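A short worksheet on the structure shown next.
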Amino acid sequence: MAIYSEERATYLWRNGSLVPWAEAVVHVGAVGHASVAGIFEGLKAYWNADQGQLYVFRMDDHYRRFLQSIKMTRFAFDYSLEDLGQATQELLQANEYRRDVYIRPYIFQEGLVRELLQAQPGKPVELVIDSWPFEAYRDPSTALDVCTSSWTRIADNVMPPRLKCFSNYHNGRLAAMEATVSGYDWPVLLDAQGKVTEGPGACLALVREGKVVTPPATASILESVTRDTVGCLVREVLGLPFVERTIDRTELYLAEEMFFMGTGWEIMPVASVDRIPLGTGAPGSVTARLRDAYASVVRGKDPRHPEWRTAVW
Ligand SMILES: Cc1ncc(COP(=O)(O)O)c(C=O)c1O
């Protein structure tokens with residue numbers, strides 16, 4: 001299954017209007033500034049063929065986090081949660097999606113921001129919402145061979161991972177490239193004290209002695225919407241405890257099961273860490289049940305938590 005999709009939307013949404021995808025350009029001189037100061041989100045919408053409905057999953061929660069990142073970076077931004085939701089609906093309808101879609105909202109400061117890479121008072125911000133057909137990064141019935149990275153996870157007092165800005169992603173990118181050249185599928189990043197944080201683009205959890213355990217929100221992670229969904233499903237559907245606590249590197253080796261969780265990765269099982277196999281080496285039963293529960297709830301096959309799904313049609 002390919003990670004990179006070449007498929008493009010017909011329209012993207014830019015500063016209040018639908019714009020043909022190919023016509024949405026910025027001046028090349030703005031690229032460096034725009035990428036350093038860019039804030040973004042990643043959402044997914046799921047097609048339910050039986051209901052003839054497309055559901056955006058936890059749209060307000062993603063946009064709440066978007067607004068929090070914008071607040072932390074001191075950009076002046078006038079769009080409300082409702083405006084962002086309406087723009088997203090308009091975009092998905094204009095593209096006539098009747099399939100699973102990834103949605104990428106982002107902002108950057110308009111024009112050429114020459115000297116100072118700071119939010120300039122009064123200078124407008126561009127808001128773009130792009131989207132593309134998307135199913136999954138990897139076949140979720142397989143499992144990943146993972147390494148602990150030699151790159152340290154960025155910290156709250158360096159480049160806060162809670163803030164979803166493009167520039168933060170260089171840290172995970174270095175770790176992912178290191179994993180690839182070393183023959184692993186994906187890395188786990190540790191903090192400066194050697195404690196477990198997350199992967200590039202996904203939080204993680206492990207199963208130890210019948211409990212699902214994940215690092216706390218203060219462990220240099222993005223406050224993940226999927227992590228919150230998983231916490232609810234673990235308690236409500238699986239009837240297991242969901243525990244947030246500091247995790248040591250060696251606990252990864254002793255875990256019965258481990259998985260990544262995120263909007264893009266969904267629930268992705270891990271087979272081994274640093275070549276030490278977890279459990280049987282195949283996706284474990286807790287992870288498999290959770291993956292099924294997640295797949296049902298995002299698509300509205302499981303009617304639980306209707307507040308998580310925004311119908312597009
Ligand atoms: C660094 C990082 N951690 C975790 C996540 C998972 O967050 P969410 O579940 O909100 O998609 C993401 C996904 O965007 C991410 O980029």
Side-chain angles (χ1 to χ4, degrees), residues 3 35 38-46 56-69 72 84 88 100-106 129-132 134-138 140 144 146 149 151-156 158-177 179 186-191 196-206 212 214-234 242 244 247 258-268 270 290-291 293-295 297-298 305 308-310:
I3 290 189
S35 48
I39 306 292
F40 73 107
E41 258 308 319
L43 301 83
K44 226 186 130 176
Y46 290 88
V56 187
F57 191 61
R58 300 196 65 170
M59 183 168 78
D60 284 357
D61 295 309
H62 280 280
Y63 279 129
R64 232 173 253 123
R65 188 172 68 189
F66 192 50
L67 293 175
Q68 287 172 1
S69 287
M72 285 185 274
L84 293 164
T88 304
D100 294 357
V101 189
Y102 197 87
I103 304 156
R104 163 77 76 236
Y106 55 100
I129 311 177
D130 198 1
S131 62
W132 54 87
F134 179 88
E135 275 160 23
Y137 287 137
R138 280 275 295 247
L144 303 176
V146 163
S149 181
W151 294 99
T152 299
R153 181 73 179 133
I154 47 175
D156 191 61
V158 181
M159 294 186 74
R162 179 174 287 105
L163 199 169
K164 199 165 168 64
C165 59
F166 288 118
S167 41
N168 273 357
Y169 282 71
H170 195 55
N171 178 238
R173 187 166 178 268
L174 288 168
M177 290 189 295
W186 209 234
V188 171
L189 286 131
L190 307 178
D191 68 14
V196 171
T197 68
E198 62 179 345
C203 284
L204 65 83
L206 37 99
V212 179
T214 194
T218 48
S220 294
I221 63 168
L222 180 72
E223 289 185 85
S224 151
V225 176
T226 316
R227 176 177 169 278
D228 184 73
T229 305
V230 164
C232 294
L233 296 178
V234 164
F242 185 73
E244 297 183 31
I247 297 178
M258 175 175 156
F259 57 88
F260 286 106
M261 49 191 167
T263 299
W265 283 97
E266 301 180 329
I267 311 295
M268 188 68 219
V270 171
L290 193 57
R291 195 187 56 209
Y294 187 80
V297 88
V298 292
H305 289 289
W308 284 349
R309 291 176 296 276
T310 304

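Remember, it's 1-based here, ligands and their atoms both numbered in the order they're listed. Keep in mind that this is a model prediction, so the values were computed, not measured. The chain is numbered in sequence order, starting from 1.
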Per-atom filter on ligand 1: closer than 4.0 angstrom to a heavy atom of Cys203 are 4 (C)
Output field: ring centroids Tyr169/Phe40 closer than 6.0 Å
yes
Any idea which heavy atoms bring Tyr46 and Asp100 closest together, and the distance?
CA-OD1, 3.6 Å
Residue His62 vicinity, atoms of ligand 1 by number, heavy atom under 4.0 Å:
10 (O)
Is Ala202 close enough to touch ligand 1? Criterion: a residue heavy atom under 4.0 Å from a ligand atom.
yes
Heavy-atom closest pair (Arg309 atom, Phe57 atom, distance to 0.1 Å) is CG-CD1, 4.3 Å
For atom 6 (C) of ligand 1, which candidate among Ser224, Ser220, Gly264 provides the closest heavy atom?
Ser224
Just grab all the salt bridge (Lys or Arg N to Asp or Glu O under 4.0 Å) pairs involving residues 164-174, residues at least two apart or on different chains.
none
Give me the ring orientation class for His305 and Trp308: parallel if the planes are under 30° apart, tilted from 30 to 60°, perpendicular past 60°.
parallel
Please report which non-hydrogen protein atom sits nearest to atom 11 (O) of ligand 1, along with the residue it belongs to and the distance in Å to one decimal place.
Thr263 OG1, 2.5 Å
Does any N/O atom on Thr226 come nearer than 3.5 Å to any N/O atom on ligand 1?
yes
Arg65 touching ligand 1 at heavy-atom level, < 4.0 angstrom
yes
If I apply the N/O under 3.5 Å rule, does Gly199 come out as touching ligand 1?
no
Does Gly201 come within less than 4.0 Å of ligand 1, judged by its heavy atoms?
yes
Side chains of Glu266 and Tyr137: does their closest heavy-atom pair fall under 4.5 Å?
no
How long is the span from the CD1 atom in Ile221 to the CD atom in Glu244, to the nearest 0.5 Å?
7.5 Å
Flag, side chain of Asp61 to backbone of Val225, donor-acceptor distance under 3.5 Å:
no
Starting from atom 14 (O) of ligand 1, locate the nearest protein heavy atom and write down its residue, its atom name and how far away it is, to 0.1 Å.
Lys164 NZ, 2.7 Å
Quick one: which ligand 1 atoms are inside 4.0 Å of a heavy atom on Glu198?
1 (C), 2 (C), 3 (N), 4 (C)
Is the closest heavy-atom distance from Tyr169 to ligand 1 below 4.0 Å?
yes
